[in-house]
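First comes the structure, then the notes that go with it.
Hydrogens, waters and symmetry mates play no part in the numbers below; they use all other heavy atoms, side chains included. A note on names: the letters A, B, ... follow the listed sequences, proteins ahead of strands, and every chain is numbered from 1.
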Number of protein chains: 2
Amino acid sequence: MTSLFKYLKKFYPLSKEAEQAIGEICKIITVKKNTDLQPIGHTCKTIYFINKGVARIYYFKDGVDITESFAFENNIIARIESLFTGKPSRKAIQILEDSEIVAINSTQLFKLYDTFPEIERLFRLIFESAYVDTVNRIESIQFHTAEERYKALIKDAPNVLKKVPLKHIASYLGITQVSLSRIRGVK
Amino acid sequence: MTSLFKYLKKFYPLSKEAEQAIGEICKIITVKKNTDLQPIGHTCKTIYFINKGVARIYYFKDGVDITESFAFENNIIARIESLFTGKPSRKAIQILEDSEIVAINSTQLFKLYDTFPEIERLFRLIFESAYVDTVNRIESIQFHTAEERYKALIKDAPNVLKKVPLKHIASYLGITQVSLSRIRGVK
DNA sequence: GTGATTATTTATCATATGTTAAATGGTTTA
DNA sequence: TAAACCATTTAACATATGATAAATAATCAC
C-alpha cells in the first residue's frame with residue numbers, strides 16, 4: 001500500500017494518524033482480466049487505486065460499449081458522477097489485465113472527513129485536479145481532429161496501445177473502430 | 001448578497017460566523033456589457049457569483065474566439081483551471097449584458113478553509129457538483145450531433161438565446177457560426 | 001437618423017468521419 | 001491442432017460539418 005500513500009502525499013501530506021485511518025478503510029484485492037469491479041446500476045461506494053494493472057470506466061450508449069476513461073498504475077479511478085451524487089451509476093469499472101487494486105470504501109472515507117479535515121482537504125485537492133483534467137479534455141475533444149487526439153493519447157500514455165484493445169481506444173476518442181483503423185493506416 | 005447565501009445554503013448550511021466571514025471577503029460590483037472581468041494571462045484569484053446578468057468564459061484558439069461556458073443569474077463562474085493550479089489563465093471572463101456581480105477573493109477564501117472546515121466543505125461540494133456537470137458534458141459533446149446539442153441547450157437554458165449572440169453559442173457547441181445557422185434554418 | 005460596423009444567413013464546394021459489409025489476422029478452448 | 005470466436009483492417013458509399021464568399025439584417029456611434 002506504500003504506492004497509494006506515495007500518491008496521496010503528492011497532493012497533501014498527512015499526519016500519521018490520518019494515514020492510519022485511511023489504511024483501515026482500504027482493502028487490497030487482486031482482480032482477473034475482464035472482470036467488472038462493480039455492476040452497472042449500483043451506486044458507487046468505492047474509490048479504486050491501481051497498484052498494478054489497467055482499468056477503464058465504460059457504459060452503453062444505444063447498445064454500444066463506450067469507454068469514458070482509462071486508469072493506469074499509480075492512479076485513482078472512480079465513477080464520480082455516482083460517488084458525488086449518490087445516484088446509481090450507469091457506468092461500470094472494468095479491469096483490462098490481471099491487476100492489483102486498492103479499494104477505498106467511500107462511505108467510510110466521507111465519515112473520516114468529519115474527524116480529519118486534512119483528509120477532506122487531501123481528497124478535495126485530488127478531485128480538483130481531476131476536474132481540471134476534465135475541463136482540458138473538453139477542449140481537446142472539441143477542437144482537435146480524431147487524428148490529433150489519437151496522436152496526443154499515444155504520446156501522453158504510450159502504454160495504452162500495449163494494454164488496451166483498439167476498440168476501447170476508439171470509443172474513448174469518440175470515433176468508431178473503423179475510423180481509428182483508417183487513421184492508424186495513414187503513415 | 002442574500003441570493004449568494006441562498007445559493008450556498010443549497011450545497012451546505014453554514015454557521016452565522018462562517019457566513020459572516022464569507023461576507024467580509026466579497027465585493028458587489030456592477031459591470032457594463034462587454035467588459036472583461038480579468039484579462040487573459042493573469043492568474044485567477046476571484047470566484048464570481050452572478051446576481052443579475054450573464055457571463056461567459058472564453059479564450060482564443062488559433063486566433064478564433066471560443067466560448068467555454070456560460071453563467072446566468074444565481075450561478076458561480078470561475079476559471080478553475082487557473083484557480084486550482086495557480087497558473088496564469090489562458091481564458092477570460094466576459095460580461096455579456098450590464099450585470100451585478102459578487103466577487104469572492106479566492107486567496108482569502110482559501111485561507112478561510114483553515115479556520116472554517118465547513119467553508120472548505122461547502123466549496124468542495126460546489127466544485128464536486130460542477131465536476132460532475134463537466135463529466136456529463138463530455139458525453140454530450142462526444143455522442144450527440146451538433147443539432148441535438150443545440151436543441152438540448154435551448155431546452156436547458158432558454159435564456160441563452162435571448163441574451164447571447166449566436167456566434168458564442170456556436171463556439172460553445174463546438175461548431176462554426178455557419179453550421180449553427182444551417183441547423184437553425186432546418187425546420 | 002445615417003453611415004459604419006457587426007451579426008446572421010445563404011450558397012457552394014471540400015473533407016473527416018460514419019455506416020455497412022467483407023476480408024484478414026489473432027486468441028482461446030476443447 | 002482445429003474450430004470457433006474476437007479484433008483489426010480495408011473498401012465503398014453516405015452525411016454532417018468545415019471553409020470561403022457574398023448577401024441581408026441588426027446594432028452602434030456620431
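- For the residue pair A/F116 and A/A21, the shortest heavy atom distance occurs at CE1-CB, 3.6 Å.
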N/O donor to acceptor pairs below 3.5 angstrom from side-chain atoms of residues 1-11 of chain A, sequence neighbours left out:
from : atom 1 : to    : atom 2 : distance (Å)
A/S3 : OG     : A/N51 : OD1    : 2.7

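- A distance of 6.0 Å or more separates the ring centres of A/F110 and A/F123.
- Formation of a donor-acceptor pair under 3.5 Å by the B/T134 side chain with backbone atoms of B/A130 is found in this model.
- Under a 3.5 Å cut-off, the side chain of B/N105 and the backbone N or O of B/T107 do form a donor-acceptor pair.
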N/O to N/O distances under 3.5 Å, protein versus nucleotides 11-22 of chain C:
from   : atom 1 : to     : atom 2 : distance (Å)
C/dT17 : OP1    : A/A146 : N      : 2.7
C/dG18 : OP2    : A/T176 : N      : 3.2
C/dG18 : OP2    : A/T176 : OG1    : 3.3
C/dG18 : OP2    : A/S179 : OG     : 2.6
C/dG18 : N7     : A/R182 : NH2    : 3.0
C/dG18 : O6     : A/R182 : NH1    : 3.1

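- Of the charged side-chain nitrogens involved, none lies within less than 4.0 Å of a carboxylate oxygen, so that A/R124 and A/E120 do not count as a salt-bridged pair.
- The aromatic rings of B/Y58 and B/F60 sit perpendicular to each other, their planes meeting at more than 60°, with 30° as the lower class boundary.
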### Query
Would B/D98 and B/K33 count as a salt bridge (Lys or Arg N to Asp or Glu O under 4.0 Å) if you check the C-alpha gap in whole Å, the side-chain angles of each, and the deciding distance to 0.1 Å?
CA-CA 5 Å; B/D98 294 0; B/K33 180 172 178 171; over 6 Å; no

Close N or O pairs between protein and nucleotides 3-7 of chain D (under 3.5 Å):
from  : atom 1 : to     : atom 2 : distance (Å)
D/dA7 : OP1    : A/K167 : NZ     : 2.6
D/dA7 : OP2    : A/K167 : NZ     : 2.9

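- Atoms CG (A/L173) and C1' (D/dT8) sit 16 Å apart, rounded to a whole Å.
- Atom pair B/N34:CG and C/dA7:C1' shows a separation of 13 Å (rounding to whole Å applied).
- For the pair B/K33 and D/dC28, the criterion of a side-chain N or O lying under 4.0 Å from OP1 or OP2 is met.
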